[in-house]
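Keep in mind that this is a model prediction, so the values were computed, not measured. All values below were derived from every heavy atom in this structure, side-chain atoms included, with hydrogens, water molecules and symmetry-related copies excluded.
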Amino acid sequence: MAQKMSPEFFKADSVAFIGYSKRHAAYCAEVRKAFEANGAQVFPVNPTKGQYDVPVFGSVADIPGSPELAVVITNKSRNVELLEALASKGVKRVMFGSKVSADAATLERCAALGLQGAIVCPLQALGSGFHRFHGWITGVPRVGVKR
């Protein structure tokens, strides 16, 4: 059975979006816009230079301030240094978009670094349609759009 999530886990004034991708541009834009619709400032991160739909930071260290939440959609092979960087930046919660991005060892490492970690697609809480339906089935709470 899926772990019940608190709506507070998904709420943040600032979000580091690690793995913002040209290859998955539509998905990345949908996630970014969902957080922005809820009042968050999103800092996309990808070390690969190129044309993106928004300005992208090259590393976690380049992000201004300390985002409360990080969304990670990279391969879990990058997590050792990534989690260290997120913890150093002051991130409190890390949302891994799928099991490609994290496993039980990743979540244990999060806890050891003082980060609250979860494997969940952000669109299950913030999206609509199929994503939201999947969230409902798995117990992910709906996070409403700020007005």
Side-chain angles (χ1 to χ4, degrees), residues 1-127 130-132 134-143:
M1 176 137 217
Q3 171 189 356
K4 290 286 185 183
M5 302 291 301
S6 164
E8 298 305 312
F9 184 87
F10 299 90
K11 295 179 182 177
D13 291 330
S14 58
V15 177
F17 190 156
I18 315 302
Y20 197 85
S21 169
K22 293 180 284 189
R23 194 170 113 205
H24 302 290
Y27 174 77
C28 289
E30 187 175 358
V31 170
R32 177 182 50 77
K33 289 175 184 176
F35 275 107
E36 290 172 346
N38 277 278
Q41 183 175 13
V42 179
F43 300 101
V45 177
N46 194 315
T48 305
K49 303 289 184 214
Q51 295 290 328
Y52 294 89
D53 61 332
V54 293
V56 174
F57 294 88
S59 72
V60 172
D62 295 337
I63 298 172
S66 296
E68 302 161 53
L69 174 67
V71 174
V72 177
I73 61 167
T74 61
N75 187 290
K76 61 186 152 204
S77 65
R78 300 179 176 155
N79 285 344
V80 172
E81 59 269 355
L82 176 60
L83 291 176
E84 296 287 338
L86 292 172
S88 295
K89 194 67 173 167
V91 171
K92 303 295 182 211
R93 299 180 312 280
V94 184
M95 181 184 314
F96 299 93
S98 74
K99 291 181 181 181
V100 171
S101 298
D103 54 19
T106 303
L107 298 179
E108 289 172 12
R109 183 67 185 141
C110 283
L113 292 168
L115 303 167
Q116 183 183 1
I119 302 171
V120 58
C121 172
L123 292 177
Q124 289 183 1
L126 301 167
F130 177 76
H131 291 285
R132 182 58 217 131
H134 189 219
W136 177 75
I137 288 174
T138 58
V140 175
R142 172 78 174 132
V143 178

So which heavy atom on [X] is nearest to which on [Y], and how close?
X    : Y    : answer
P67  : A16  : CB-N, 3.8 Å
P44  : Y20  : CB-CG, 3.5 Å
L83  : C110 : CD2-SG, 3.8 Å
F43  : S14  : CE1-CB, 3.8 Å
I119 : A102 : CD1-O, 3.7 Å
V15  : A40  : CG2-CB, 3.9 Å

Problem set entry | Results of side chain to side chain donor-acceptor pair (under 3.5 Å) for E68 - residues two or more places apart only | none
Distance from [X] atom [atom1] to [Y] atom [atom2], nearest 0.5 Å?
X   : Y   : atom1 : atom2 : answer
N46 : S21 : CG    : OG    : 6.5 Å
I63 : Q41 : CD1   : CD    : 10.0 Å
R23 : C28 : CZ    : SG    : 10.5 Å
D62 : K89 : CG    : NZ    : 8.0 Å
E81 : S59 : CD    : OG    : 12.0 Å
D13 : F35 : CG    : CZ    : 12.0 Å

For this session: For residues V60 and L82, determine if any side-chain heavy atom of one lies less than 4.5 Å from a side-chain heavy atom of the other.
Result: yes
Problem set entry | Side-chain heavy-atom pair P47, F57 within 4.5 angstrom cut-off | no
Exercise. Yes or no on side-chain contact (heavy atoms from CB on, under 4.5 Å) for V91 and L69, after CA distance, side-chain angles and deciding distance?
Worked result: CA-CA 6 Å; V91 171; L69 174 67; 5.8 Å; no
Problem set entry | Under 3.5 Å donor-acceptor, T74 side chain and G19 backbone | no
For this session: Examine distances only and state if a side-chain atom of D103 and a backbone atom of T106 form a donor-acceptor pair shorter than 3.5 Å.
Result: yes
Exercise. Does a side-chain N-to-carboxylate-O contact under 4.0 Å join R109 and E84?
Worked result: yes
For this session: Only pairs at least two apart or in different chains count here, so list each salt bridge (charged side-chain N to carboxylate O under 4.0 Å, His left out) that has a residue in residues 35-55.
Result: R32-E36, R32-D53
Problem set entry | Pairs meeting criterion salt bridge (charged side-chain N to carboxylate O under 4.0 Å, His left out) with involvement of residues 91-100, two or more places apart | none
For this session: Please say whether the positively charged group of K22, taken as NZ for Lys or CZ for Arg, lies over the ring of Y52, i.e. under 6.0 angstrom from the six-membered ring centre and within 45 degrees of the axis.
Result: yes
For this session: Applying side-chain contact (heavy atoms from CB on, under 4.5 Å), run through V94 and V72 and close with a yes or a no.
Result: CA-CA 7 Å; V94 184; V72 177; 3.7 Å; yes
